[in-house]
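First comes the structure, then the notes that go with it.
Only heavy atoms go into these numbers, but all of them, side chains included; no hydrogens, no water, no symmetry mates. These numbers were taken from a predicted model, which means no experiment stands behind them.
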Amino acid sequence: HTRYWRDWSSDVCSSDLISTGFRTEFLTDTRGYGIMNSVFDSYRPYSGNIVGRRTGALLAFETGTTTAYGLFPAEERGTLFLGAGVDVYEGMIIGEGNREQDIAVNVCKGKNLTNVRAAAKDDTVRLKTPREMSLEECIAFLNDDEYLEVTPHHLRLRKRFLKAKDRVQYAKTQQQG
């Protein structure tokens, strides 16, 4: 039984550790065996902007309760943060997208019921387990136009502007200025 130990010392801004989610990434890379310790060294001048996440978010298209039928197509677009039966509102972040831009997804749509029955049994929708995030992971996930709502029972990520037209207008002003 061989053990491998590595000591690594570095001066890193604490805001960089929090905003980039390095601690979580470190634990993932070491499969939970990594030990990370931090000690305050000194105050230093501002060192520049922190690079945020490069992927977009999956957003709830409308207010309602999520359904497995609505979440199933959203799984192809990224990683979901919640499962079926969760109340959501327009502009709420429900997952991390595969692409750079944000994608609004209708996760509240239900399956249309008809009197016609197929000879073959309908396939039941099976969803992957949603990715549950800690407070630290939620903070690391945030971009400049996103907020984190913290309540006693839930951590909810949302866009600064909930309505799609307001988000488009804000994006235009950011490109101009």
Side-chain angles (χ1 to χ4, degrees), residues 18-29 31-32 50-175:
I18 293 170
S19 66
T20 59
F22 178 75
R23 186 178 306 270
T24 304
E25 191 173 327
F26 174 74
L27 287 172
T28 302
D29 290 345
R31 296 186 180 110
I50 302 164
V51 177
R53 85 171 185 274
R54 300 190 194 294
T55 58
L58 298 178
L59 307 173
F61 179 75
E62 63 183 353
T63 301
T65 304
T66 60
T67 64
Y69 184 76
L71 289 169
F72 186 68
E75 280 190 333
E76 297 173 2
R77 297 173 179 246
T79 304
L80 296 177
F81 297 154
L82 44 85
V86 177
D87 292 329
V88 295
Y89 52 86
E90 181 181 358
M92 182 174 166
I93 298 173
I94 58 152
E96 183 176 6
N98 294 335
R99 299 186 181 187
E100 284 187 28
Q101 64 272 21
D102 295 337
I103 303 170
V105 184
N106 187 359
V107 293
C108 300
K109 69 179 173 182
K111 190 171 184 179
N112 294 333
L113 301 176
T114 64
N115 287 334
V116 178
R117 301 289 180 252
K121 186 173 126 183
D122 287 338
D123 291 334
T124 55
V125 176
R126 293 198 181 265
L127 298 173
K128 297 175 188 168
T129 305
R131 177 176 148 198
E132 293 187 21
M133 298 201 310
S134 66
L135 179 61
E136 182 183 68
E137 290 172 313
C138 288
I139 291 171
F141 184 83
L142 292 175
N143 271 344
D144 293 339
D145 64 337
E146 296 168 351
Y147 291 148
L148 172 62
E149 294 177 356
V150 180
T151 66
H153 301 288
H154 300 284
L155 296 172
R156 290 187 196 98
L157 296 163
R158 59 164 273 198
K159 283 296 189 179
R160 179 176 176 190
F161 299 101
L162 297 177
K163 302 285 183 195
K165 67 176 184 170
D166 295 337
R167 289 192 300 269
V168 170
Q169 187 176 13
Y170 174 73
K172 285 181 183 178
T173 59
Q174 291 298 312
Q175 289 175 352

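- Between L82 and M92 the shortest side-chain heavy-atom distance falls below 4.5 Å.
- When side chains are defined from C-beta on, R167 counts as touching L59, because their heavy atoms get closer than 4.5 Å.
- Under the side chain to side chain contact (heavy atoms under 4.5 Å, CB included) criterion, E90 pairs with T63, K163, A164, sequence neighbours left out.
- The side-chain hydrogen bond (donor to acceptor under 3.5 Å, both in side chains) pairs that include a residue from residues 100-110 are D102-K159, where partners are two or more places apart or lie in different chains.
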Using side-chain contact (heavy atoms from CB on, under 4.5 Å), reason through E137 and L155 one step at a time and then give a plain yes or no.
CA-CA 11 Å; E137 290 172 313; L155 296 172; over 6 Å; no

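- In this structure the side chain of V88 reaches within 4.5 angstrom of the side chain of C108, judged on heavy atoms.
- Residues T55 and N98 are not in side-chain contact: their nearest non-hydrogen atoms beyond the backbone lie 4.5 Å or more apart.
- Between F81 and F141, the ring planes lie perpendicular to each other; the angle is over 60°, past the 30° to 60° tilted range.
- Side-chain contact check for L148 versus L135: some heavy-atom pair is nearer than 4.5 Å.
- Here the shortest heavy-atom pairing between A74 and L80 reads CB-CD2, 4.0 Å.
- Of all non-hydrogen atoms in A68 and A84, the two that sit nearest each other are N-CB, 3.7 Å.
- In terms of heavy atoms, F61 sits closest to A104 at CD1-CB, 4.1 Å.
- T66 contributes a side-chain N or O that, together with a main-chain N or O of G83, makes up a donor-acceptor pair within less than 3.5 Å.
- Shown here is Q169, whose CD atom has no more than 12 heavy atoms of other residues, nucleotides or ligands within 6.0 Å.
- Not counting sequence neighbours, the partners of R131 by the side-chain hydrogen bond (donor to acceptor under 3.5 Å, both in side chains) test are E96.
- What you find for E75 and K128 is that their closest heavy atoms are OE2-N, 2.6 Å.
- Among L71, T79, I94, the one residue that satisfies the side-chain contact (heavy atoms from CB on, under 4.5 Å) test with L58 is I94.
- Around CZ of R77, the count of heavy atoms belonging to other residues, nucleotides or ligands within 6.0 Å does not exceed 12.
- From E146, atom CD reaches atom CZ of R160 across 12.0 Å, with rounding to the nearest 0.5 Å.
- In this structure the side chain of L127 reaches within 4.5 angstrom of the side chain of F72, judged on heavy atoms.
- A distance of 7.0 Å separates CD1 of I93 from CG of L142, quoted to the nearest 0.5 Å.
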